[in-house]
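The structure presented is a predicted model; accordingly, all values stated were derived computationally and were not measured.
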Amino acid sequence: MNNGTDTSEDTPEVIEQDIIDQTIEVGSGCDWTGSGVEPQWNNPKSIKAYDHIDRHHGPKLKPLNFRGRAASKNQPQGQWLNAQDWVKAEQATPKYPGRYILNFKRSIGKVHYPDGTII
């Protein structure tokens with residue numbers, strides 16, 4: 001960030017995508033069709049938008065949280081270093097359900113493996 005203004009260095013780039021359904025639009029910038037008030041997409045603390053990410057992959061969690069989950073699920077678990085990055089990821093991805101790989105051009109997190117290794 002430069003004085004609160006995004007620059008091209010701050011904007012992640014979608015480098016791979018697998019769109020599942022182009023008839024459904026989701027996320028910021030789309031007409032809200034869900035129940036209640038629209039999520040606060042620009043707020044990383046928005047429970048409606050980012051609860052799962054914050055509770056299970058957030059920067060405030062301790063390594064022990066990930067070690068146990070990675071071991072019990074026998075799957076690596078990702079951790080974000082900065083909550084604002086998941087907002088940037090949501091804004092950068094196409095607004096269709098799918099799988100996306102983004103390049104932030106910098107480190108954005110850690111991966112905790114079942115054997116205790118952290119990368």
Undergrad: Show the numbers, then the answer: is there a side-chain contact (heavy atoms from CB on, under 4.5 Å) between E25 and D31?
TA: CA-CA 8 Å; E25 290 188 335; D31 290 335; over 6 Å; no
Undergrad: Residues in side chain to side chain donor-acceptor pair (under 3.5 Å) with N74, at least two apart?
TA: none
Undergrad: For residues 58-68, which side-chain N or O atoms pair as donor and acceptor with protein atoms under 3.5 Å away, sequence neighbours left out?
TA:
{"residue": "N65", "atom": "OD1", "partner": "K62", "partner atom": "N", "Å": "3.0"}

Undergrad: What pairs meet the salt bridge (charged side-chain N to carboxylate O under 4.0 Å, His left out) rule with one or both residues in residues 37-52, with sequence neighbours excluded?
TA: D51-R55
Undergrad: Name all residues meeting the salt bridge (Lys or Arg N to Asp or Glu O under 4.0 Å) criterion together with D85; count only those two or more places apart in sequence or in a different chain, and write none if there are none.
TA: R106
Undergrad: E90: what forms a side chain to side chain donor-acceptor pair (under 3.5 Å) with it, not counting sequence neighbours?
TA: S28, K95
Undergrad: As an exercise, state the distance from OG1 of T117 to NE2 of H112, rounded to the nearest 0.5 Å.
TA: 11.0 Å
Undergrad: Taking atom OG1 of T11 and atom CD of Q91, what is their separation to the nearest 0.5 Å?
TA: 8.5 Å
Undergrad: When you measure from the side chain of H57 to the backbone N and O of W80, does any donor-acceptor pair fall under 3.5 Å?
TA: no
Undergrad: Drop me the distance from I108's CD1 to K88's NZ, to the nearest 0.5 angstrom.
TA: 10.5 Å
Undergrad: What's the shortest heavy-atom distance between W86 and P44, and which atoms?
TA: NE1-O, 3.3 Å
Undergrad: Can you get from V87 to W32 by hopping between Ile, Leu, Val, Met, Phe, Trp and Tyr side chains that sit under 4.5 Å apart?
TA: yes
Undergrad: Are Y50 and V26 joined in one hydrophobic group, where the rule is that I, L, V, M, F, W and Y side chains link up if heavy atoms are under 4.5 Å apart?
TA: no
Undergrad: Do S46 and W41 have side chains that approach each other closer than 4.5 Å (heavy atoms only, starting at C-beta)?
TA: no
Undergrad: What are the two closest non-hydrogen atoms of L81 and G109, and how far apart are they?
TA: CG-CA, 3.5 Å
Undergrad: How close do P39 and A49 get, heavy atom to heavy atom, and via which atoms?
TA: CB-CB, 3.7 Å
Undergrad: Take atom CD1 in I118; do more than 12 heavy atoms of anything else shown fall under 6.0 Å from it?
TA: yes
Undergrad: Does Q75 reach the side chain of R69, with side-chain heavy atoms less than 4.5 Å apart?
TA: no
Undergrad: Anything under 3.5 Å between a donor and an acceptor, one on a side chain of residues 13-22, the other on a protein residue two or more places apart or in another chain? List them.
TA:
{"residue": "D21", "atom": "OD1", "partner": "T23", "partner atom": "N", "Å": "2.8"}
{"residue": "D21", "atom": "OD1", "partner": "T23", "partner atom": "OG1", "Å": "2.4"}
{"residue": "D21", "atom": "OD2", "partner": "T23", "partner atom": "OG1", "Å": "3.3"}

